[in-house]
Amino acid sequence: MARVAYLTGRSYRGAPTPPGDVPPLERVSRDLIFAAGREHGVEFEVAYWDDAQLAVRGFDAAVIRTCWDYHERPEHFLASLDAFERAGLAVFNRSEVVRWNFRKTYLQQLGPSAIETVWAEKADAHTVAKAFDALEAAEVVVKPQVGAGSRETVRLQRNAWSESDLIGAPRAAAMIQPYLRSIETEGERSLFWFGGAFSHAIRKVPHAGDWLANMPGRTAFLAEPAPPAAMAAAEAARERAPGDLLYVRIDLVLGDDGAWRVIEIEAIEPYLFLDFAPEGAGRFVGAIARVLGV
Amino acid sequence: MLAAAGRANAPVQQEVERSLGRPDVVRRDGAGAALTYRMETCALLLLFAADARNEMRLAEAHPSARRAGEAAPSLDQCAAEAATRGG
């Protein structure tokens, strides 16, 4: 039986996470993964990611799961992963992958399947105006290069925006992308691979009138097979990503030209949507078991 | 209503927003959401998780004091203050 630390944060959105617990929305996934672990010979134990003693507590590996407070202390988070690895504790995904995935500039490496993006050190009016032309877009979305969860994200319409609209835009380095209208109808697809093998796909469909397809309460999450073209676009991007991803989620949206575009690769602490695709738990744990040789 | 957090009959996000009004802060992660209501003497953090029917159901409710050093009010006290701002 291998012992694996299931890394989580000490708090979630300001509420303390008691030892051994995870944020409430992750409890179903945790229970599914722990149950699958018992079938695969992997014993999971929830542990805080900033536990300085983790590497000497007898774990065979650590898997990054619900470390959702790391954005508050990113340098500490990366230093912790480095320290675990230096002490001989394998971390999934490894720290080098986490660094690669930390800044969304990785999209530049993904080739034509990635969404077209203008990169900017600052989202000022001049830069945004130029981006409209460069992207030949009627609408654009301005997002931070580092961040998650639609924070500091604004949507602007050509000839119908002003500098004041940028108040909610990123204060640090930004990325500007065309607004893909299909997100309102087709939604967004999330595809998951564990240990290099495809596991499951989720479709996030916003309710009518909403445009952010990751907005719980205003989005329906459906376990639905991915269209073959979406799968092909995700595979093309995966070929250009680091080759040893134990787990990865690739998010895609249908472009106005009918081609699928990768809008994000999440290889740090992806939400796995196992509540909607419980069969993924066994595949996730199976990938860990194979790497650990159990 | 908030005392049912974590149970099968816990209110869903729309019911809470109808009762307490628009939250001051909404944050999202995966298939979950965190809503914060700020009142005069307390703040209320409500954590929701999607159930199998895509309903965002209240999983936890955390009251806290607005001012450093003050004791956190009970959930009942904080919920009563939140209810006065209404929807």
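Protein chains get the first letters and strands the later ones, always in sequence-line order, with residue 1 at the start of each. On a predicted model such as this, the values are computed, not experimentally measured, just so you know.
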CZ/B:R38: more than 12 non-hydrogen atoms of other groups inside 6.0 Å: no
message: Can you confirm whether A:R171 is buried at CZ, in the sense that more than 12 heavy atoms of other residues, nucleotides or ligands lie under 6.0 Å from that atom?
response: no
Heavy-atom pair of closest approach, residues [X] and [Y]:
| X | Y | value |
| --- | --- | --- |
| A:F221 | B:G30 | CZ-O, 3.9 Å |
| A:L25 | B:D29 | CD1-O, 2.8 Å |
| A:Y12 | B:A34 | OH-CB, 4.4 Å |
| B:L45 | A:A15 | CD2-CB, 3.5 Å |
| A:F276 | B:A50 | CZ-CB, 3.9 Å |

query: Between A:R13 and B:E60, does at least one N-O distance fall below 4.0 Å, as a salt bridge requires?
result: no
task: Output the option from B:R27, B:R57, B:E55, B:R53 having the highest count of non-hydrogen pairs under 4.5 Å with chain A.
output: B:R27
